[in-house]
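So the structure is just underneath, and the comments pick up after that.
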Amino acid sequence: SHLTELLQAKPQLVIGMSEESVSLVKAHCDDVPVICADYYALEPKNIDKLYSFPPGKNVLVVGKAKTNAESIIMTLKNII
């Protein structure tokens, strides 16, 4: 599957756009930290993870809607 191919790139963090996305990623890869961005990416428990993530690392954003994923990517570019 396409997700399997993307996970072979060894991301250091995966951001799922929904609980469904997070579950799908965890079913394929259990050694990579995964956070859910479905309304909660900027909450203190998750924002700490994003701020502590060093620039230049490989982050995979997983979701159904391209615009939602692009929004999270732009947010990451602005805070990291």
Side-chain angles (χ1 to χ4, degrees):
S1 75
H2 190 59
L3 177 61
T4 304
E5 289 176 35
L6 293 170
L7 289 170
Q8 288 176 350
K10 306 285 186 212
Q12 286 88 21
L13 174 69
V14 176
I15 300 173
M17 300 302 295
S18 66
E19 290 294 337
E20 179 184 9
S21 298
V22 169
S23 296
L24 183 62
V25 170
K26 287 183 176 181
H28 286 83
C29 184
D30 60 357
D31 61 341
V32 176
V34 181
I35 62 172
C36 184
D38 186 19
Y39 304 110
Y40 305 110
L42 301 179
E43 283 192 356
K45 67 180 182 177
N46 290 327
I47 197 76
D48 291 347
K49 293 176 190 173
L50 296 178
Y51 276 117
S52 66
F53 202 73
K57 295 296 181 179
N58 189 7
V59 176
L60 175 62
V61 179
V62 178
K64 292 182 181 179
K66 182 180 178 183
T67 55
N68 291 346
E70 288 172 341
S71 174
I72 290 294
I73 290 167
M74 290 308 298
T75 300
L76 286 172
K77 285 182 177 182
N78 289 328
I79 64 171
I80 293 180

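We find the CD-SG distance between Q8 and C29 to be 10.5 Å, quoted to the nearest 0.5 Å.
In this structure the side chain of L13 never reaches within 4.5 angstrom of the side chain of K57, judged on heavy atoms.
Residues satisfying the side-chain hydrogen bond (donor to acceptor under 3.5 Å, both in side chains) criterion with Q12, sequence neighbours excluded, are absent altogether. Partners of L60 according to the side-chain contact (heavy atoms from CB on, under 4.5 Å) rule, which considers only residues two or more places apart in sequence or in another chain, are L3, L6, L7, P11, V14, V62. In this structure, the side-chain contact (heavy atoms from CB on, under 4.5 Å) partners of V22, at least two apart in sequence or on a different chain, are K26, V34, C36.
In plain terms, the two heavy atoms of G16 and S21 that are nearest each other are CA-CB, 4.0 Å.
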